[in-house]
A.B. asks: 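Pasting in a structure now, in structure tokens, and then I'll have a few things to ask.
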Amino acid sequence: MPELPEVEAVRRELAPAMRGARFRRVIVRRAGLRTLFPDRFAARLRGRTVRGLVRRGKYLLADLSSGETLLMHLGMSGSFQVDHPAPGRVSIGVAKDVGDAHDHVVFQMSSGATITFNDPRRFGVMDLVPSAALDQHAALGAMGPEPLSRDFEPQALARVCAGRRAPIKVALLDQRVVAGLGNIYVSEALHLAHLSPRRPASRMARPSGTPRESAVHLVRAIKTTLERAIERQQNPRYRSARFRVYDREGQPCVTTGCDGAIKRITQAGRSTFYCPVCQTG
DNA sequence: ATTGAGACCTGTCGGC
DNA sequence: TGCCGACAGGTCTCAA
């Protein structure tokens, strides 16, 4: 589930348990995670205080008192569970010893919270990097603008898309173009913008380099899509709300006055869902 | 330089 | 019920 809105929801849940708290104990249940844990991962965390927890794209970054940053990525199937001590119960300071087979890392915080990282598919990442060198990190350093920031505007989108022959759907999945979008919300935003996923990315800009109307619409649609999704994350009732197009092959388009049916195609090896009737821009 | 394919892992679901 | 292939919300590396 983790694209930007889901990662942001995780951040908001983790922050109260982590910010200002120390790592009392760190348990790495599964060494040799695909994610190349640095040596002595647990030892380097123990005793450190989390000064802040921010999100960058799909990454969570915990700023540590040691001058390092704990970098976390949920991959395809990662999740965190936060357990707070039951009120009135004395914490005995023992890690929960029975856990899911895919509970890979457990943080016991001085706040009393126990934070468990679970990731069946093990595409997730945990790493420690010097805070001063974050911009040299291969993924973070090259990452595009935060879509909900002012930096993400039509001009910027048109510029990074210039010269790209790949379809806009594929370009938007590239984290260097814009940060945090994944396969679901790219389809969702393109539908909201009434743009075809097959449209060449380069056509966000005119030959002169100035952004076309489509870039304006797309930027707006991406922001709206993500803002709504983040809001939805806040209300458990709506978390499972259906998407506009994602995973709705053959079902009717939700655009007012459109009688199209959602189609599914493959682009760069991944499913794209769109309405061939109203996404013609 | 850009792009697509394959790889990384495990779980789930539909079809036979 | 059991087996098997297709597929899954991410990203990296490699070859063309």
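Chain letters run A, B, ... following the sequence lines, proteins first, then strands; residues in each count from 1. Only heavy atoms go into these numbers, but all of them, side chains included; no hydrogens, no water, no symmetry mates.
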A.B. asks: Side chain of R121(A) only, heavy atoms from C-beta on: which candidate in dG9(C), dG4(B), dT10(B) is closest?
C.D. replies: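 From the listed options, dT10(B) comes nearest.
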A.B. asks: Of all the nucleotides listed (dT11(C), dT3(B), dG4(B)), which has the minimum atom distance to the side chain of V170(A)?
C.D. replies: dG4(B)
A.B. asks: Between S271(A) and dA8(C), is there a contact of a side-chain N or O with OP1 or OP2 at under 4.0 Å?
C.D. replies: yes
A.B. asks: Would you call E231(A) and R228(A) a salt bridge, taking side-chain N to carboxylate O under 4.0 Å as the test?
C.D. replies: no
A.B. asks: Looking only at the side chain of R270(A) (C-beta and beyond, no hydrogens), which of the listed nucleotides dG10(C), dC7(C), dT3(B) gets closest?
C.D. replies: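 For the R270(A) side chain, the nearest candidate turns out to be dG10(C).
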A.B. asks: Is there a path from L190(A) to I265(A) through hydrophobic residues (I, L, V, M, F, W, Y) whose side chains come within less than 4.5 Å of each other?
C.D. replies: no
A.B. asks: From the set dT3(B), dA8(C), dT10(B), return the single nucleotide nearest to any side-chain atom of M76(A).
C.D. replies: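 The answer is dA8(C).
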A.B. asks: At under 4.0 Å, does any side-chain N or O of K58(A) touch on OP1 or OP2 of dT11(C)?
C.D. replies: yes
A.B. asks: Quick check for you: among dG11(B), dG10(C), dC7(C), whose closest atom lies nearest to any side-chain atom of H102(A)?
C.D. replies: dG11(B)
A.B. asks: Please give the distance between the C1' atoms of dT3(B) and dA8(C) as a whole number of Å.
C.D. replies: 23 Å
A.B. asks: When the distance from CZ of R198(A) to P of dG4(B) is rounded to whole Å, what number comes out?
C.D. replies: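 Nearest whole value for this atom pair: 13 Å.
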A.B. asks: Relative to the 5' end of DNA chain B, which residue comes earlier, G269(A) or P120(A), by the nucleotide with the nearest heavy atom?
C.D. replies: G269(A)
A.B. asks: What is the pairing partner of dC14(C), taking Watson-Crick or G-U wobble pairs with both distances under 3.5 Å in any strand?
C.D. replies: dG4(B)
A.B. asks: Establish, with yes or no, whether the OP1 or OP2 oxygen of dG9(C) is under 4.0 angstrom from a side-chain nitrogen or oxygen of Y185(A).
C.D. replies: no
A.B. asks: Please report the distance, rounded to the nearest Å, between NE2 in H104(A) and C1' in dC8(B).
C.D. replies: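 In whole Å, dC8(B) C1' and H104(A) NE2 are 13 Å from each other.
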A.B. asks: Knowing that exactly one of K58(A), K223(A), R55(A) qualifies, which makes a salt bridge (Lys or Arg N to Asp or Glu O under 4.0 Å) with E146(A)?
C.D. replies: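 Checked K58(A), K223(A), R55(A) against E146(A); only one passes salt bridge (Lys or Arg N to Asp or Glu O under 4.0 Å): R55(A).
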A.B. asks: Rounded to whole angstroms, how far apart are CG on L74(A) and C1' on dT10(B)?
C.D. replies: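 Roughly 16 Å, once rounded to whole Å.
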A.B. asks: What is the distance, to the nearest angstrom, from the CD1 atom on I184(A) to the P atom on dA8(C)?
C.D. replies: 11 Å
A.B. asks: Can you check the R244(A) CZ to dG9(C) C1' distance for me, whole Å?
C.D. replies: 19 Å
A.B. asks: Roughly, in whole Å, what's the span from CG in D127(A) to C1' in dG10(C)?
C.D. replies: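 The answer, rounded to whole Å, is 16 Å.
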A.B. asks: For a quick test of reading the model: is some side-chain N or O of Q175(A) closer than 4.0 Å to OP1 or OP2 of dG10(C)?
C.D. replies: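 The answer is no; no side-chain N or O of Q175(A) sits under 4.0 Å from OP1 or OP2.
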A.B. asks: Between dC7(C), dG11(B), dG9(C), which nucleotide has the shortest distance from any of its atoms to the side chain of R264(A)?
C.D. replies: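 The closest nucleotide is dC7(C).
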A.B. asks: Any base atoms under 4.0 Å from A139(A), or only sugar-phosphate, or nothing? Heavy atoms, all strands.
C.D. replies: sugar-phosphate
A.B. asks: Quick one: closest heavy-atom pair of L71(A) and L140(A), and the distance?
C.D. replies: CD1-CD1, 3.6 Å
A.B. asks: Sticking with atom P, work out how far dC12(C) lies from dG11(B), rounded to a whole angstrom.
C.D. replies: 24 Å
A.B. asks: Going by salt bridge (Lys or Arg N to Asp or Glu O under 4.0 Å), E68(A) matches just one of R40(A), R44(A), R48(A). Which one?
C.D. replies: R44(A)
A.B. asks: Searching all strands shown, indicate the nucleotide that pairs with dG9(C) (Watson-Crick or G-U wobble; both distances under 3.5 Å).
C.D. replies: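 None - no nucleotide pairs with dG9(C), as no candidate has both distances under 3.5 Å.
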A.B. asks: Is any side-chain heavy atom of M18(A) closer than 4.5 Å to a side-chain heavy atom of F107(A)?
C.D. replies: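 A side-chain contact under 4.5 Å exists here.
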A.B. asks: Quick check for you: among dG4(B), dG10(C), dC12(C), whose closest atom lies nearest to any side-chain atom of A268(A)?
C.D. replies: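 Out of dG4(B), dG10(C), dC12(C), the nucleotide with an atom closest to A268(A)'s side chain is dG4(B).
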A.B. asks: Under 4.0 Å between a Lys/Arg side-chain N and an Asp/Glu carboxylate O for D247(A) and R242(A)?
C.D. replies: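 Here D247(A) does not pair with R242(A) in a salt bridge, since their nearest N and O are not under 4.0 Å apart.
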A.B. asks: Quick one: Y59(A) OH to dT11(C) C1', roughly how many Å, whole number?
C.D. replies: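 Whole-Å distance recorded here is 7 Å.
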A.B. asks: Pick base, sugar-phosphate or nothing for R176(A), based on heavy-atom distances below 4.0 Å to the nucleic acid.
C.D. replies: nothing
A.B. asks: Respond yes when some side-chain nitrogen or oxygen of R122(A) is under 4.0 Å from OP1 or OP2 of dC8(B), and no when none is.
C.D. replies: no
A.B. asks: Given the P atoms of dT11(C) and dA1(B), what is the spacing between them in whole Å?
C.D. replies: 23 Å
A.B. asks: Among the nucleotides dC12(C), dT3(B), dG9(C), which one has an atom lying closest to any side-chain atom of E3(A)?
C.D. replies: dG9(C)
A.B. asks: Quick one: D119(A) CG to dT11(C) C1', roughly how many Å, whole number?
C.D. replies: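 Result: 13 Å.
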A.B. asks: Would F123(A) count as stacked on dT11(C) if the rule is ring centres under 5.5 Å and plane angle under 30°?
C.D. replies: no
